[in-house]
Amino acid sequence: MDETYELDDDGQPMWSYDEGQRMPGGALAVCQLGVGLRCETWLAWSTDPWCPVVVKLARPHLASHPRAVRALHRESVALSGATHPAMPRLIADSTEDAVPHLVMEYVDGPALDEELDRVGPMPPAEVAMLGTQVLAVLIDLHRRGLAHLDLKPENVVLRDGRPVVIDFGSARLIGAPQPAGRPVGTAGYAAPEQEACRPISSTMDCYGVGSILYEALTGEATGPDSGPDALPPQLRPIVTGLLEPEPDERMTARDAMIALADVLPAERRPWPAWADRHLRVATPPLAVR
């Protein structure tokens with residue numbers, strides 16, 4: 001076994017870089033951030049442009065596996081056309097290299113699940129602000145014909161208290177089929193039709209946002225025993241509307257974002273009320289290759 005490998009709990013190899021060791025793409029390793037089924041992420045230091053970055057690379061035994069490469073490519077497509085500041089910037093796409101990898105902006109801050117573990121449920125006004133910012137990311141993503149499909153507190157990082165949505169490796173084209181019997185996303189946060197492997201839709205992401213807001217308000221993930229009584233009255237119809245089991249009856253991202261903004265005091269509203277009418281104008285999705 002090469003010295004840059006070690007084994008995880010399941011006996012599968014994962015990268016083992018010493019601090020300061022050069023990684024694929026040239027950045028210097030700092031520490032491992034996470035290990036997934038096909039890829040892992042590392043915090044690294046880039047000597048050009050001299051800043052911290054995230055390197056996401058295929059696991060050692062999957063460096064030539066098409067599924068690992070496709071996951072990285074999906075993230076590259078989602079981020080390369082990103083225009084919203086609450087999405088990380090893509091610095092380099094090296095999915096054609098011997099060790100396929102991406103280099104991305106490092107978002108400094110705790111993940112939402114870590115913050116909830118530390119401080120407990122958030123006040124309703126803070127959750128409303130969180131929701132407007134996450135939904136704004138999705139509106140931009142959906143406009144480009146893509147859905148995130150793995151929205152959960154772990155994939156929302158709080159940079160200076162403001163959310164940034166990360167991990168677009170599950171992103172798919174709206175309208176695309178799901179693999180039969182292998183639903184995309186994370187059980188417990190995915191919409192019922194997503195877990196049933198129906199074709200990809202933007203409403204699946206709306207359900208994911210509802211799951212995030214429910215957990216931020218209650219400190220508990222949604223489940224069979226979840227109910228609206230645990231939610232504060234001013235946010236209850238919005239969160240339950242996003243968690244509507246029937247996709248055709250589910251609250252849309254635009255309507256939910258306006259409703260959340262209306263909950264906030266006038267001095268904290270994230271945009272002028274007169275701008276609402278422009279948000280309600282549907283923008284046709286852009287073509288995504």
Residues Gln32 and Tyr17: side-chain donor-acceptor under 3.5 angstrom: no
SB check Arg250 Glu193 (cutoff 4.0 Å): yes
Which heavy atom of Pro121 sits nearest to which heavy atom of Leu116, and what is that distance? CA-CD2, 4.5 Å
Without swapping roles, check the side chain of Thr252 against the backbone of Asp255 for a donor-acceptor pair under 3.5 Å. yes
Do the side chain of Arg38 and the main chain of Gly36 share a donor and acceptor less than 3.5 angstrom apart? no
Answer yes when Asp113 and Arg118 have at least one side-chain N-carboxylate O distance shorter than 4.0 Å, and no when they do not. no
Looking at Asp205 and Leu149, would you say the former's side chain and the latter's main chain have a donor-acceptor pair under 3.5 Å? yes
Can you check whether Trp271's main-chain N or O pairs, donor with acceptor, with Arg269's side chain at less than 3.5 Å? yes
Can you check side chain to side chain donor-acceptor pair (under 3.5 Å) on Glu244 and Tyr207, steps first, answer last? CA-CA 7 Å; Glu244 167 58 49; Tyr207 189 95; over 6 Å; no
Strictly distance-based, threshold 3.5 Å: is any side-chain N or O of His148 a donor or acceptor partner for the main-chain N or O of Gly169? no
Side-chain contact, heavy-atom cut-off 4.5 Å: Trp45 with Val53? no
Whether Ser211 side chain and Lys152 backbone form a donor-acceptor pair below 3.5 Å: no
If you count the non-hydrogen atoms of other residues, nucleotides and ligands that lie under 6.0 Å from CZ in Arg74, is the total more than 12? yes
Side chain of Gln178, backbone of Pro199: donor and acceptor closer than 3.5 Å? no
Donor-acceptor pair, Thr240 side chain versus Arg236 backbone, under 3.5 Å? yes
Quick check: closest heavy atoms across Ala58 and Ala68, and the distance to 0.1 Å? CB-CB, 4.0 Å
From CG (Asp8) to OG (Ser16), nearest 0.5 Å: 12.0 Å
What verdict does the side chain to side chain contact (heavy atoms under 4.5 Å, CB included) test give for Leu130 and Glu126, after you've listed the backbone C-alpha separation in whole Å, the side-chain angles of each residue and the deciding distance to 0.1 Å? CA-CA 6 Å; Leu130 171 81; Glu126 297 301 322; over 6 Å; no
Counting C-beta onward and ignoring hydrogens, is there a side-chain heavy-atom pair between Leu146 and His142 closer than 4.5 Å? no
Could you give the distance from CG (Leu260) to OG1 (Thr132), rounded to the nearest 0.5 Å? 6.5 Å
Is there a donor-acceptor pair closer than 3.5 Å between any side-chain N or O of Glu40 and the backbone N or O of Trp15? yes
Cluster check Leu57, Ile91: I/L/V/M/F/W/Y, side chain < 4.5 angstrom: yes
Value rounded to 0.5 Å, distance of CG in Asn155 from OG1 in Thr186: 7.0 Å
Side chain to side chain contact (heavy atoms under 4.5 Å, CB included) with Tyr106: of Cys51, Pro52, Ser46, only one passes, and it is Pro52
Just verifying a value: how many Å separate Leu135 CG and Leu242 CG, rounded to the nearest 0.5 Å? 6.5 Å
Has the side chain of Glu105 got a donor or acceptor atom that lies under 3.5 Å from a matching backbone atom of Arg89? yes
With rounding to the nearest 0.5 angstrom, report the CG to CZ distance, Leu141 to Phe168. 6.0 Å
For residues Lys56 and Thr41, is any side-chain donor paired with an opposing acceptor at under 3.5 Å? no
Decide yes or no on salt bridge (charged side-chain N to carboxylate O under 4.0 Å, His left out) for Arg70 and Glu75, but give the supporting numbers first. CA-CA 9 Å; Arg70 283 198 296 267; Glu75 187 142 17; over 6 Å; no
Working to the nearest 0.5 angstrom, can you tell me the gap between Gln12 CD and Tyr5 OH? 13.0 Å
Take Leu112 and Val157 through the side chain to side chain contact (heavy atoms under 4.5 Å, CB included) test and state the conclusion after the steps. CA-CA 6 Å; Leu112 179 59; Val157 175; over 6 Å; no
So which residues get pulled into Ile174's cluster when ILVMFWY side chains under 4.5 Å apart are joined, directly or through others? none
